[in-house]
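Scroll down for the structure; my scribbles are underneath it.
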Amino acid sequence: MFRPMLASLAEPPLADPQLVYEPKYDGIRAIAEVSGGPRGHVRLWSRLGNEKANQFPEVVAALRKWGRA
């Protein structure tokens, strides 16, 4: 199992004018597990291990579609 990164203040890793960094104002960080195959199993969970797939059906559907590609 992967441990999620925790938020911390830092300088941008690259100073390229063509890169854009999107600040995280609110929300959650989630870990996604995508298993390929015809059914495309997707699991989302928070850093505390709470299941989040039911809260974000659009994300699950997009990841499932991506996993079958």
Item to complete: Measure from NZ or CZ of R64 to the centre of the six-membered ring of W66, then state whether that distance is under 6.0 Å and the direction lies within 45° of the axis.
Response: no

Worksheet item: Rounded to the nearest 0.5 Å, what separation is found between the NZ atom of K52 and the CD1 atom of I31?
Response: 12.5 Å

Discussion item. If you define the side chain from C-beta out and look only at heavy atoms, does anything of L63 sit under 4.5 Å from L44?
Written reply: yes

